[in-house]
Amino acid sequence: MIPLRISPLACLLGALSTAAWAHADTADLIVHNAKVWTVDDSRPVAQAVSIRAGRILRVGANDEVFRDRGPATRLIDVKGALVLPGFIDAHTHFENAADWLFNLSLYGVTSQDELIERLREKTARIPKGLWITGGDLGAYAAWDAQAHGEKPADIEPDLAKVDAVSPDHPVLLRRADLAYFANSKALALARIDRDTPDPRGGRFGRERGTGQLNGMLFGRAAERVVQLVPPPTIERKLIGARAALADLAKSGITSIHDIARIDAVTQTQLFPTFVERSYSDVRLFEELRRRGELTVRVYPMLTLRSWSGLARVGIAPGSGDEWIRYGALKGFVDGMMMREPFADNPRFSGGFTFRVVDEATMREDIVAADRAGFDAGLHVLGDRAHGLLLDWFEAAVRRNPPRDRRFRLIHAWFPSPADVRRAGALRLIADITPQHLIDEIPTLEKQLGAERARFAFPWRALADAGVRLNIVSDWPGGYAEQTPTALSPVENIFMAVTRRGLDGRPAGGFHPEQALTVEEAVRGYTVNPAFASREEGLKGTIAERKLADLVVLSKDILTVPVAEIPSARVLYTILGGRIVYEAPPAPGGKP
């Protein structure tokens with residue numbers, strides 16, 4: 001390739017053009033009287049930001065920025081609030097979140113009152129006429145009873161009470177024992193009434209004495225209703241997607257790296273299992289954009305197994321634009337793979353995840369995707385799994401020409417000290433999920449032993465080794481909806497710097513020597529994920545000509561007592577200079 005040569009005159013003209021753009025016109029929006037923490041080392045702190053045409057025009061003191069004020073400029077006086085680059089969540093499952101709008105997670109529900117309250121909250125968010133499904137009602141209590149050799153108590157929803165809070169929504173709920181419950185609206189749509197005979201292999205629950213239906217469905221009677229739930233059309237998904245976008249904006253998130261798939265490629269391939277489970281269909285983002293409703297920038301992390309079909313549909317590393325941009329592929333190594341002496345622990349004796357054909361195929365997919373210029377990121381849990389993945393990354397480096405690689409360890413549970421050193425030598429990126437640590441704390445020492453548990457989630461060690469850390473939510477949580485994760489960046493930042501749950505436990509944090517600083521955690525939500533998607537020139541810091549994606553917080557999380565971090569409210573979320581979320585006034589009118 002012939003190198004591109006740029007003359008000194010061209011450089012001068014370019015600089016003059018940039019200066020002219022930056023200062024020849026007035027701003028659309030000015031945010032002032034702020035503490036602006038830019039995450040830009042060349043100018044870390046400022047008072048104000050001006051914005052024009054979706055880009056940052058100027059960053060500086062109030063009087064400097066007010067030079068850009070014009071008669072049509074909107075002014076926002078944030079009264080000392082903290083302004084940060086818009087948060088970037090580098091690991092989400094957007095379509096799962098959209099689908100969860102219509103589902104109730106009932107694993108921990110143990111009473112009628114709790115069920116009714118959850119259902120009441122759900123019906124308030126869902127348009128009338130749409131189905132609400134959910135499960136597994138009472139599962140945690142049932143499993144606990146079984147573990148102690150007891151018969152679990154079955155929860156039978158009260159049909160009249162359920163109908164009272166869901167008169168306009170068909171409701172179908174699965175119980176822990178796999179029996180189902182349907183409200184009267186669902187039964188009516190299924191044309192099931194008191195006179196409907198029980199099907200072979202099943203029965204309808206009835207009130208003793210009267211024979212009236214009570215909503216319970218057993219065996220094939222349940223199948224009959226389950227099969228009538230309408231398919232998730234694009235219009236239904238868009239309803240859930242709008243709710244998901246609202247949640248993102250309310251949390252101050254302006255960009256996501258979403259686990260996604262390209263349907264045009266999917267339809268041409270044969271997979272051994274449901275490889276693309278939990279991968280969002282990119283058409284959902286494209287349709288939201290077409291309708292002018294997309295309020296988050298998207299970096300789809302596409303299926304690793306599909307790498308060879310992407311060029312056919314015009315997708316190459318770096319293709320796309322400021323709204324939807326491509327460049328990374330996502331795969332899975334394992335469910336949990338540990339080296340000895342943990343092989344006798346049932347949880348750690350697993351092998352590859354169902355998505356892996358075999359080790360050789362996984363290695364060759366990574367090498368070939370790297371050769372094509374894609375950055376690979378893989379879900380990896382366990383020291384044995386880390387060792388294998390690092391071998392595969394090293395194979396790609398060894399077999400392919402040199403390039404700027406931005407490979408990722410996703411979640412990075414339980415790497416060994418040697419794995420951490422190798423990851424640092426490869427200059428890898430790690431997506432860490434604070435909620436995962438909090439969920440695992442109660443059993444870590446029992447499962448791993450005290451010494452191994454100390455290094456189970458080694459965030460400080462990774463950072464010190466030279467691994468760049470993204471803090472990610474894995475939103476909305478586990479596929480089966482058992483373990484929802486915290487979406488809020490300020491909550492995840494709190495967990496990352498304290499290694500405690502939002503309830504403050506365990507006191508002192510779980511091995512706090514592995515915690516991050518608040519500044520490091522903020523970088524994990526801003527400049528680091530921008531780097532991971534090769535968009536550090538566009539976003540992740542507050543600097544002139546970058547995208548005007550900002551979040552305004554009610555508290556300075558950099559200086560307040562750490563315990564106050566989760567209570568910081570998002571006051572404004574600004575995307576491309578447009579306010580996509582503005583908080584309602586707090587009680588007493590205080591920020």
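Keep in mind that this is a model prediction, so the values were computed, not measured.
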Is Asp136 salt-bridged to Arg174, cutoff N-O under 4.0 Å?
yes
Walk me through whether Asp391 and Arg422 qualify under salt bridge (charged side-chain N to carboxylate O under 4.0 Å, His left out).
CA-CA 10 Å; Asp391 288 345; Arg422 288 175 69 192; 2.8 Å; yes
Flag for His93-Asp474: side-chain donor and acceptor within less than 3.5 Å
yes
What one should report as the nearest heavy-atom pair of Leu378 and Met362 is CD2-SD, 3.7 Å
Side-chain donor-acceptor contact under 3.5 Å, Lys539 with Ser255
yes
Given 3.5 Å as the limit, does a donor-acceptor pair link the side chain of Gln514 with the main chain of Arg460, or not?
yes
Taking the cut-offs as 6.0 angstrom to the six-membered ring centre and 45 degrees off its axis, would you call Arg499 and Phe510 a cation-pi pair?
no
A side-chain contact here means heavy atoms from C-beta on lying under 4.5 Å apart; do Arg283 and Lys237 qualify?
no
Criterion salt bridge (charged side-chain N to carboxylate O under 4.0 Å, His left out) on Glu535 and Lys546, from CA distance to verdict
CA-CA 10 Å; Glu535 295 175 292; Lys546 285 196 172 183; over 6 Å; no
Worked verdict on Arg523 versus Asp41 for salt bridge (charged side-chain N to carboxylate O under 4.0 Å, His left out):
CA-CA 12 Å; Arg523 289 179 179 276; Asp41 293 337; 2.8 Å; yes
Closer than 4.0 angstrom, basic N to acidic O: yes or no for Asp375 and Arg405?
no
For Ala328, is there any backbone N or O sitting under 3.5 Å from a side-chain donor or acceptor partner on Tyr299?
yes
Any chance the side chains of Asn528 and Asn470 put a donor and an acceptor closer than 3.5 Å?
no
Derivation of the side-chain contact (heavy atoms from CB on, under 4.5 Å) call for Lys250 and Asp247:
CA-CA 5 Å; Lys250 185 177 181 180; Asp247 289 341; 5.6 Å; no
Below 4.5 Å, heavy atoms only, C-beta onward: do Val357 and Arg305 meet side chain to side chain?
yes
Minimum-distance pair of heavy atoms, taken over all atoms of Phe494 and Pro566:
CG-CG, 3.4 Å
After noting the C-alpha distance and the side-chain angles of Val282 and Leu302, does the key distance pass the side-chain contact (heavy atoms from CB on, under 4.5 Å) rule?
CA-CA 9 Å; Val282 169; Leu302 303 176; 4.2 Å; yes
Residue list, side-chain hydrogen bond (donor to acceptor under 3.5 Å, both in side chains) with Glu276, at least two apart or on another chain:
Thr266, Thr303
What's the spacing between Ile315 CD1 and Ile262 CD1 if we round to 0.5 Å?
3.5 Å
Quick check for you: to the nearest 0.5 Å, what is the distance between Leu284 atom CG and Asp263 atom CG?
12.0 Å
Ile88 vs Thr526 side-chain heavy atoms within contact, under 4.5 Å:
no
How long is the span from the CD1 atom in Ile366 to the CD atom in Glu394, to the nearest 0.5 Å?
11.5 Å
Is the backbone of Val367 close enough, under 3.5 Å, to the side chain of Asn400 for a donor and an acceptor to pair up by distance?
yes
Can you check side-chain contact (heavy atoms from CB on, under 4.5 Å) on Leu426 and Leu390, steps first, answer last?
CA-CA 9 Å; Leu426 287 167; Leu390 292 168; 3.9 Å; yes
Heavy-atom nearest pair, Val265 first then Gly309, reads CG2-O, 3.5 Å
Can any side-chain N or O of Thr133 pair as donor or acceptor with the backbone N or O of Asn103 at less than 3.5 Å?
no
Is Glu364 salt-bridged to Arg399, cutoff N-O under 4.0 Å?
yes
Would you call the rings of Tyr279 and Phe332 parallel, tilted or perpendicular if under 30° counts as parallel and over 60° as perpendicular?
tilted
Quick one: does Tyr107's side chain get under 4.5 Å of Trp143's, heavy atoms only?
yes
4.5 Å side-chain heavy-atom contact, Ile253 and Thr92:
no
Inter-residue atom distance Ser488.OG - Phe87.CZ, 0.5 Å rounding
8.0 Å
Is any side-chain heavy atom of Ile324 less than 4.5 Å from a side-chain heavy atom of Glu286?
yes
Would you say the ring centers of Phe94 and Phe285 fall short of 6.0 Å from each other?
yes
Taking the basic N atoms (NZ, or NE/NH1/NH2) and the acidic carboxylate oxygens, is any pair closer than 4.0 Å for Asp365 and Arg355?
no
Is there a donor in the side chain of Arg312 and an acceptor in the side chain of Thr268, or the other way round, less than 3.5 Å apart?
yes
If you measure from the Lys or Arg side-chain nitrogens to the Asp or Glu carboxylate oxygens, is any gap between Arg406 and Glu536 under 4.0 Å?
yes
Look at the aromatic rings of His411 and His379 and report parallel, tilted or perpendicular, splitting at 30° and 60°.
perpendicular
Quick check with a 6.0 Å cut-off and a 45 degree axis cone: is Arg468 positioned over the face of Phe531's six-membered ring?
yes
So, taking the atom named OG1 in Thr517 and the one named CD in Glu520, what distance separates them when rounded to the nearest 0.5 Å?
3.5 Å
Going by heavy atoms in the side chains, are Gln269 and Ser306 under 4.5 Å from each other?
yes
Residue Arg277 excluded, over 12 heavy atoms near CZ under 6.0 Å
yes
To check you understand the geometry: which heavy-atom pair defines the closest contact between Ala385 and Val333, and what is its length?
CB-CG1, 4.0 Å
The reported gap from OG1 in Thr353 to CE in Met337 (rounded to nearest 0.5 angstrom) is 10.5 Å
Let me see the working for His148 and Glu150 under side-chain hydrogen bond (donor to acceptor under 3.5 Å, both in side chains), right down to the final yes or no.
CA-CA 6 Å; His148 293 87; Glu150 303 169 3; 5.4 Å; no
Quick check: His257 with His91 (ring centres under 6.0 Å apart)?
no
For the pair Trp307 and Leu329, evaluate side-chain contact (heavy atoms from CB on, under 4.5 Å) and give the outcome as yes or no after the intermediate values.
CA-CA 8 Å; Trp307 71 268; Leu329 304 180; 3.4 Å; yes
Do you know the tightest heavy-atom contact between Arg403 and Gly373?
NH1-O, 3.5 Å
Hey, are the side chains of Val527 and Pro85 touching, using non-hydrogen atoms and a 4.5 Å cut-off?
no
Run the salt-bridge test on Asp321 and Arg289 with the 4.0 Å N-O cut-off and return the result as yes or no.
yes
Would you call Arg384 and Asp419 a salt bridge, using N to O less than 4.0 angstrom?
no
Output yes when a side-chain donor or acceptor of Asp89 lies under 3.5 Å from a complementary backbone atom of Ser473, and no otherwise.
yes
Taking the six-membered ring for Trp, are the ring centroids of Phe457 and Trp413 within less than 6.0 Å of each other?
yes
Are Glu287 and Arg290 within salt-bridge range, i.e. N to O under 4.0 Å?
yes
So which atom in Ile256 and which in Leu248 form the shortest heavy-atom distance, rounded to 0.1 Å?
CG2-CD2, 4.1 Å
Which pairs would a plain distance check flag for residues 222-229, meaning a side-chain donor or acceptor within less than 3.5 Å of a matching protein atom at least two apart in sequence or in another chain?
none

